[in-house]
Enquirer: 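Handing you this structure, nothing more for now.
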Amino acid sequence: MDYNPQEIEKKWQERWEKLGLYQATDFDKKPKQYILVEFPYPSGDGLHVGHARSYSALDTIARKRRMQGYDVLFPIGYDAFGLPTENYAIKTGIHPIEVTKKNTVIFREQLKSLGLSFDWSREINTTDPSYYKWTQWIFLQFFKKGLAYQQEMPINWCPSCKIGLANEEVVNGKCERCGAQTEKRNKKQWLLKITAYADRLIDDLKLVDFPERIKNQQINWIGKSEGTNIKFKIGNNDLEVFTTRIDTIFGVTALVLAPEHELVQTQKLNIKNWDEVEDYINKSKQKSEIERMDFAKEKTGVELKGVYAINPLNDEKIPIWIGDYVIATYGGGAVMVVPAHDERDYEFAKKYGIEIREVIRPGEKVPTLRQQSEVRDSDIRQERIVGAYIEYGKLVNSGEFNGLDSEKAIKKITKWLEKKKLGKKQINYHLRDWVFTRQHYWGEPIPIVHCEKCGVVPVNEKDLPVELPYVEKYEPTETGESPLSMINEWVNVKCPKCGGRAKRETDTMPNWAGSNWYFLRYCDPNNDKELADMKKLKYWMPVDLYNGGMEHVTLHLLYSRFVYKFLYDIGVVPEPEPYKRRCAHGMVLASDGQKMSKSRGNVINPDEIIKKYGADTVRLYEMFMGPYEDAIAWSTESLEGCARFLRKIWNIYDNTEKIDKETTKELIQKLHYTVKKVSDDIDNMKFNTVISSMMEFINTWNEKNNVLSRKDAEYFLKILAPLAPHITEELWETLGNKKSIFETEWPKYDEKLIKKDKIDLIVQINGKVRDKINVNVDISEKEAKELVLSSDKIKSWLNNQELKKIIFVKGKLINIVI
RNA sequence: GGGCGAGUGGCGGAAUGGUAUACGCACAACACUUAAAAUGUUGCGGGCUUUGCCCAUGAGGGUUCGACUCCCUCCUCGCCCACCA
């Protein structure tokens, strides 16, 4: 019989579903394992071959764990609120609800056609009111704890999408979705206070097993920096400046304020060159964000003539400048200029003729490698003259602090300032609070009411969910208000507190809202009393393995950790971190090495490939194509190789000559080795070598007169099963088995059988391979030496030269040094 | 500018201190075939004076009996962040 994947795949998918083989059991006796993939956004484009790659990988792990005796939760759902659906709906006139329904059906079918072992009974959808009821409930808890607040603030506005964007959605000043240039607009926004959790989000990375690069990215994104806030007097006003290098305070020769800084206006009357200053302020206001960034290399500024600040440490008069390279929203919008010890300050000082005063010298203790090389290159003085010396060192020209090391000086000077109430220790973060509103239709309504008397009032929890009304028009409005504001009968409500006239909040939540906590809902998807039962959460959480893309590391992955920590604080979830281990897949690129996109016309449609080759081949190829974490270009030619491999397996099991014999000795060894290799490599997510080792096994089985016993033939099917579930299930049945292969135990290997008794001992002379001799594996050093030195081949190489040393590595090699 | 990572055949890659190029693709020859596809067999880094030897893992240096692997310098590419004081 020929291998016909289309037929057998359909058969087994139906049978698995009937058996309910992949349903997770709450409170099972077996140890639990929660394996999670980021749920897809059901876009109109359908499933991407990239989805297929990461889902197949985690499916492989889930299937193996089940066979290893775990109670596995491997769920799936849809993150369906969001802009593309709304934009598509506007274009076609089909309502977002309909679009979502249609796309979800397509996605579900595609996922099923891959034979993924999801527990379909727990499927969720973020646009389902019984789901977003709890998204809204979480928002109310944030509000009650004062962590959700409103603020008038400039938002990034995309004139094309007509939507406010979070900073993270603006790339180089352009809208992440449509690429249009964004503008700034002032609008009252809801924000979530993620900054209150900044420290814990850094510290608790210790508790989890994430790849280092992911931890680093999150730490950098939060951008914690410890320093000192110091007050300079300007007339009667205080100017607070943040610095991480208070040890350089005696080298301050200027201050630079952001053009927006309030003190510029306060000091207006004292500034002698006001016209020039005002001109500069206006010009920088006109510059867009991107232009201000483009000027990064050319720093500009204007001196505020006639105004001085007083350095509290030495009462020196310091000139004040404004410059638009200073960010208004960070560190108080002011910087102190220390040209001798900061590269940017040095550049600025050189340009405008500001004094450069040395206050730090390289100390005897040389802390960094960079400095070591500089010291060895001797010309320290030259270095100081040519540029800024930015390392720590010993203080000079610093009054009573002369001679101190930078580190000590920072502590001492800060203490001195604190004592005199002129400054204090300060920690700043780059992380900003999370703008949690969108002026769009297709999102979760924010459960807040604005009352004429009571002000901002939360909707009563018993009245949740605040359902998104079904409307005909969902286009964004020119005013920037949400389309919901147009629906009077929905907007006008009674105040939950006083019963008076009130209006609903018409902004909706961002597309990240529903994905912050979805993994909790899988534990208890139908609960209408709480977002999930604590007992069930205690059983399933935390997620044991969570797979997702690198592009979500600073967005979804950080946000959801924050939300989870908050839920932990209010006693809704059992521990402080949601994900025990995180892994990231590499992208699947088009065959030209570019990102797949419709406009480039290089998209591979998984449906077509599955139809032609079968799901097992697609799965196998996507695992084989390269290291799981790396981006790899698609190659249909390479995929054919995997199809060939499966056909080879089919044929060998079809050939009665090859099975039901006594397993040949070479194959016993190879089989056990392969079982070990496959077991280990699946756990380490090295799927490409899993498959190559199985290919090697099949090659050996095929060659010569190698044969397997029925039991050993079954062994091999089991280790292939998690990767190619359909073909193995079919062959398993053909061998006469009644139970599903996935209800059987994962095979164990026997170390003793893997061990070879004879090996090729490598004989090296001066590290070069000169010979291989077949010997017993446990040959002693003495025996090996005698054997090698008596061989004619080696003798001719040695040529009677003096032996200096012999290195012997047991079971591997012997190296003769002459 | 900062952080992280990578550089191995025509291509995807394997080997993380001990036989470099496993496995797969592509290619070539042969077999089967009227023919093609499929399948099978063989070959496939470069060079040479070819039972064998020399060279080669971005370049150069170092550590080591031994380096793709560890260390230093440089080059190239990718990703993320970026005037953060």
Side-chain angles (χ1 to χ4, degrees), chain A residues 2 172 211-217 219-221 223-225 227-228 241-246 248 255-256 258 292-300 323-327 329-338 342-345 347-348 369 373 428-431 550-551 553-554 586-587 591 593 620-621 624-627 629-642 644-645 647-648 651 686 688-699 702-703 759-772 793 804-809 811-818:
Chain A
D2 281 343
N172 288 331
E212 273 313 299
R213 60 182 173 143
I214 290 181
K215 287 189 183 182
N216 284 337
Q217 254 191 59
I219 290 168
N220 289 342
W221 187 264
K224 181 177 183 170
S225 76
T228 312
V241 178
F242 176 72
T243 177
T244 53
R245 291 296 303 272
I246 196 69
T248 64
L255 297 177
V256 184
R292 270 174 87 153
M293 284 201 288
D294 273 350
F295 276 75
K297 273 147 212 146
E298 251 322 275
K299 287 177 201 11
T300 60
D324 61 10
Y325 72 95
V326 177
I327 299 166
T329 51
Y330 183 80
V335 300
M336 55 185 227
V337 178
V338 186
D342 182 284
E343 274 163 26
R344 280 156 312 157
D345 293 351
E347 194 191 319
F348 192 74
L369 280 170
S373 67
N428 279 346
Y429 303 91
H430 297 171
L431 183 72
M550 281 306 286
E551 70 276 16
V553 167
T554 51
M587 257 198 292
S591 47
L620 205 69
Y621 167 62
F624 183 60
M625 64 198 303
E629 296 209 344
D630 293 2
I632 309 281
W634 180 272
S635 156
T636 304
E637 282 171 340
S638 279
L639 177 133
E640 303 243 17
C642 291
R644 227 169 273 164
F645 172 62
R647 245 182 343 250
K648 238 190 244 181
N651 292 336
K686 291 166 77 177
N688 52 337
T689 54
V690 167
I691 293 163
S692 62
S693 66
M694 288 194 291
M695 285 172 168
E696 284 179 63
F697 179 78
I698 289 296
N699 289 346
N702 253 331
E703 78 196 11
I759 51 133
D760 283 334
L761 188 78
I762 309 301
V763 184
Q764 293 183 332
I765 293 170
N766 284 348
K768 288 201 187 228
V769 181
R770 293 305 180 195
D771 200 8
K772 293 164 196 181
K793 206 169 175 185
K804 280 193 186 147
K805 207 180 193 181
I806 290 180
I807 283 136
F808 179 75
V809 182
K812 251 183 190 157
L813 61 79
I814 182 160
N815 186 12
I816 304 163
V817 186
I818 53 174

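What you are looking at is a predicted structure, and each value in this text was computed from that prediction instead of being measured.
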Enquirer: Measuring only the C1' atom in each nucleotide, how far is U57(B) from G7(B)? A whole number of Å is fine.
Expert: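 Roughly 9 Å separates the two C1' atoms.
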Enquirer: Could you tell me how far apart Ile214(A) (CD1) and C81(B) (C1') are, to the nearest whole angstrom?
Expert: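 Checked: the CD1 to C1' distance equals 16 Å.
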Enquirer: The side chain of Glu637(A) lies closest to which of these nucleotides: A26(B), C53(B), G13(B)?
Expert: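 In terms of side-chain proximity for Glu637(A), the closest of A26(B), C53(B), G13(B) is A26(B).
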Enquirer: Reckon Tyr429(A) touches a base, only the sugar-phosphate, or nothing at all at heavy-atom distances under 4.0 Å?
Expert: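 Touches nothing.
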Enquirer: In whole Å, I'd like the distance from the NZ atom of Lys648(A) to the C1' atom of C25(B).
Expert: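 Rounded to the whole Å, the gap is 13 Å.
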Enquirer: Between C83(B) and Lys299(A), counting only base atoms on the nucleotide and side-chain atoms on the residue, is there a donor-acceptor pair under 3.5 Å?
Expert: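 Such a pair exists between side chain and base.
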Enquirer: Rounded to the nearest 0.5 Å, how far apart are CE of Met625(A) and CD1 of Ile632(A)?
Expert: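 Separation between the atoms: 6.0 Å.
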Enquirer: Using 0.5 Å steps for rounding, measure from the CZ atom of Arg647(A) to the SG atom of Cys642(A).
Expert: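 Result: 11.5 Å between the selected atoms.
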Enquirer: Taking the side chain of Asn216(A) as heavy atoms from C-beta outward, which of A22(B), C4(B), C83(B) is closest to it?
Expert: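 Selected nucleotide (nearest to the side chain): C4(B).
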Enquirer: Could you state the atom-to-atom distance from CE of Met550(A) to P of C81(B) in whole Å?
Expert: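 That distance rounds to 10 Å.
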Enquirer: Between Asp345(A) (side chain only) and Val338(A) (backbone N and O only), is there a donor and an acceptor less than 3.5 Å apart?
Expert: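 Looks like yes, one N/O pair under 3.5 Å.
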Enquirer: Base, sugar-phosphate, or nothing for Asn220(A), non-hydrogen atoms under 4.0 angstrom?
Expert: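 Since only primed, P, OP1 and OP2 atoms lie under 4.0 Å of Asn220(A), the category is sugar-phosphate.
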Enquirer: Using the P atom on both, measure U63(B) against C75(B) and round to a whole Å.
Expert: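 Roughly 24 Å separates the two P atoms.
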Enquirer: Looking for any heavy atom pair under 4.0 Å, which part of the strands does Gly223(A) touch: base, sugar-phosphate only, or nothing?
Expert: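 The residue Gly223(A) makes no contact with any strand.
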Enquirer: Taking both distances under 3.5 Å as the test for a Watson-Crick or G-U pair, what stems of at least three pairs does RNA chain B have?
Expert: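 RNA chain B stems, ordered by first number: B:1-7 with B:75-81, B:10-12 with B:23-25, B:27-31 with B:39-43, B:45-48 with B:52-55, B:58-62 with B:70-74.
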Enquirer: Ignoring the backbone of Val335(A), work out which of U39(B), G18(B), A85(B) is nearest its side chain.
Expert: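 Closest of the options to the side chain of Val335(A): A85(B).
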Enquirer: Please enumerate all residues that pass side-chain contact (heavy atoms from CB on, under 4.5 Å) together with Asn216(A), with sequence neighbours excluded.
Expert: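 Here the qualifying residues are Glu212(A).
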Enquirer: Say you pick atom C1' in G17(B) and the same atom in C65(B); how far apart are they, in whole Å?
Expert: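 After rounding to an integer number of Å, I get 12 Å for this pair.
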Enquirer: Verify the contact: side-chain N or O of Ser225(A) to OP1 or OP2 of A85(B), cut-off strictly under 4.0 Å; return yes or no.
Expert: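 The answer is yes; a side-chain N or O of Ser225(A) sits under 4.0 Å from OP1 or OP2.
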Enquirer: Which part of the nucleic acid does Val817(A) contact within heavy-atom distance under 4.0 Å: base, sugar-phosphate only, or nothing?
Expert: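 Sugar-phosphate, backbone atoms only, no base.
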Enquirer: Quick one: are Thr636(A) and Ser591(A) in side-chain contact, heavy atoms under 4.5 Å?
Expert: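 No, every pair of side-chain atoms sits at 4.5 Å or beyond.
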Enquirer: Taking the same atom, P, in G47(B) and in C81(B), what whole-Å distance lies between them?
Expert: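 Comparing P positions in G47(B) and C81(B) gives a spacing of 46 Å.
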Enquirer: To the nearest 0.5 Å, what is the distance between CG (Asp342(A)) and CZ (Phe348(A))?
Expert: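 Between atom CG of Asp342(A) and atom CZ of Phe348(A) there are 12.0 Å.
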Enquirer: Check every strand shown and say whether Lys772(A) touches a base, only sugar-phosphate, or nothing at a heavy-atom separation below 4.0 Å.
Expert: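 It contacts base atoms.
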Enquirer: Could you tell me how far apart Phe808(A) (CZ) and G18(B) (C1') are, to the nearest whole angstrom?
Expert: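 These atoms are roughly 13 Å apart.
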Enquirer: What is the distance, to the nearest angstrom, from the CZ atom on Arg213(A) to the C1' atom on A6(B)?
Expert: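 Spelled out: CZ on Arg213(A) to C1' on A6(B) is 11 Å.
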Enquirer: Using the C1' atom as the reference point in each nucleotide, state the distance between A59(B) and U76(B) in Å, no decimals.
Expert: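 About 11 Å, rounded to a whole number of Å.
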Enquirer: Among G13(B), C83(B), C23(B), which nucleotide has an atom closest to any side-chain atom of Ser692(A)?
Expert: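 Among G13(B), C83(B), C23(B), the one nearest the side chain of Ser692(A) is C23(B).
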Enquirer: Can you tell me, in whole Å, how much space there is between the C1' of C23(B) and that of A14(B)?
Expert: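 Each nucleotide's C1' atom is 7 Å from the other's.
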Enquirer: If you look at every strand shown and take non-hydrogen atoms under 4.0 Å, does Asn688(A) touch a base, only sugar-phosphate, or nothing?
Expert: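 It contacts sugar-phosphate atoms only.
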Enquirer: Distance check needed: A26(B) P versus Glu640(A) CD, whole Å only.
Expert: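 Atom CD in Glu640(A) sits about 7 Å away from atom P in A26(B).
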Enquirer: Could you check whether Ser635(A) gets within reach of a base, just the sugar-phosphate, or nothing at all, counting any heavy atom under 4.0 Å?
Expert: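 Nothing: the residue Ser635(A), judged by heavy atoms under 4.0 Å, touches no strand.
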Enquirer: May I have the step-by-step check of salt bridge (Lys or Arg N to Asp or Glu O under 4.0 Å) for Glu629(A) and Arg213(A), ending in yes or no?
Expert: CA-CA 12 Å; Glu629(A) 296 209 344; Arg213(A) 60 182 173 143; 3.0 Å; yes
Enquirer: Asn699(A) near the nucleic acid: base, sugar-phosphate alone, or nothing, with a heavy-atom cut-off under 4.0 Å?
Expert: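 Touches sugar-phosphate only.
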Enquirer: Can you check the Lys804(A) NZ to C65(B) C1' distance for me, whole Å?
Expert: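 Rounded to whole Å, this separation is 10 Å.
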Enquirer: Between Phe242(A) and Leu639(A), which residue's closest nucleotide on RNA chain B lies nearer the 5′ terminus?
Expert: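 Going by which nucleotide is closer to the 5' end, it is Leu639(A).
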Enquirer: Just verifying a value: how many Å separate Thr243(A) OG1 and Met336(A) CE, rounded to the nearest 0.5 Å?
Expert: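 Going from the OG1 atom of Thr243(A) to the CE atom of Met336(A) covers 3.5 Å.
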Enquirer: Distance to the ring centre below 6.0 angstrom and angle to the axis at most 45 degrees; does that hold for Lys299(A) and Tyr325(A)?
Expert: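 Output yes; distance and angle both within limits.
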Enquirer: Across the strands shown, which category fits Lys215(A) at heavy-atom distances under 4.0 angstrom: base, sugar-phosphate, nothing?
Expert: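 No contact.
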Enquirer: Expressed as a whole number of Å, how far does the C1' atom of C4(B) sit from that of G13(B)?
Expert: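 Each nucleotide's C1' atom is 22 Å from the other's.
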Enquirer: C25(B), C55(B), G18(B): which one has an atom nearest the side-chain heavy atoms of Asn815(A)?
Expert: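 Per side-chain heavy atoms of Asn815(A), the pick is G18(B).
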Enquirer: Taking CD from Glu212(A) and P from C4(B), how many angstroms apart are they, rounded to a whole number?
Expert: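 My rounded result for the distance is 11 Å.
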Enquirer: OP1 or OP2 of U39(B) versus the side-chain N and O atoms of Arg647(A): is any pair under 4.0 Å?
Expert: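 Checking Arg647(A) against U39(B): at least one side-chain N or O falls below 4.0 Å of OP1 or OP2.
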Enquirer: With respect to the side chain of Thr689(A), which nucleotide from C23(B), U39(B), A14(B) is positioned closest?
Expert: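 Of C23(B), U39(B), A14(B), A14(B) is nearest to the side chain of Thr689(A).
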Enquirer: Assign each of Val769(A) and Met695(A) to its nearest nucleotide of RNA chain B by heavy atoms, then name whichever residue's nucleotide is nearer the 5' end.
Expert: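 Per heavy-atom nearest nucleotide, the more 5' residue is Val769(A).
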Enquirer: Indicate syn or anti for G9(B), taking the glycosidic torsion and treating anything within 90° of 0 as syn.
Expert: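 Syn, since the glycosidic angle lies within 90° of 0.
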Enquirer: Please check the phosphate of G52(B) (OP1 and OP2 only) for any side-chain N or O of Arg770(A) closer than 4.0 Å.
Expert: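 So the side chain of Arg770(A) is outside the cut-off, no N or O lying under 4.0 Å from OP1 or OP2 of G52(B).
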Enquirer: Could you tell me how far U69(B) sits from U8(B) if I compare only their P atoms? Round to whole Å.
Expert: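 These two P atoms come out 13 Å apart once rounded.
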Enquirer: For G18(B), does the base pair up with any side-chain atom of Gln764(A) as donor and acceptor (N or O, under 3.5 Å, distance only)?
Expert: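 For Gln764(A), whose side chain was compared with the base of G18(B), there is a donor-acceptor pair (under 3.5 Å).
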Enquirer: Sequence neighbours excluded, which residues qualify as side-chain hydrogen bond (donor to acceptor under 3.5 Å, both in side chains) partners of Asn220(A)?
Expert: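 side-chain hydrogen bond (donor to acceptor under 3.5 Å, both in side chains) check on Asn220(A) returns nothing, list empty.
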Enquirer: Scan Ile807(A) against the nucleic acid and name what it touches under 4.0 Å (heavy atoms): base, sugar-phosphate only, or nothing.
Expert: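 Here Ile807(A) touches the bases of the nucleic acid.
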Enquirer: Taking the six-membered ring for Trp and the full ring for Phe, Tyr or His, determine whether the centres of Tyr621(A) and Trp634(A) are under 6.0 Å apart.
Expert: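 Tyr621(A) vs Trp634(A): aromatic centres under 6.0 Å.
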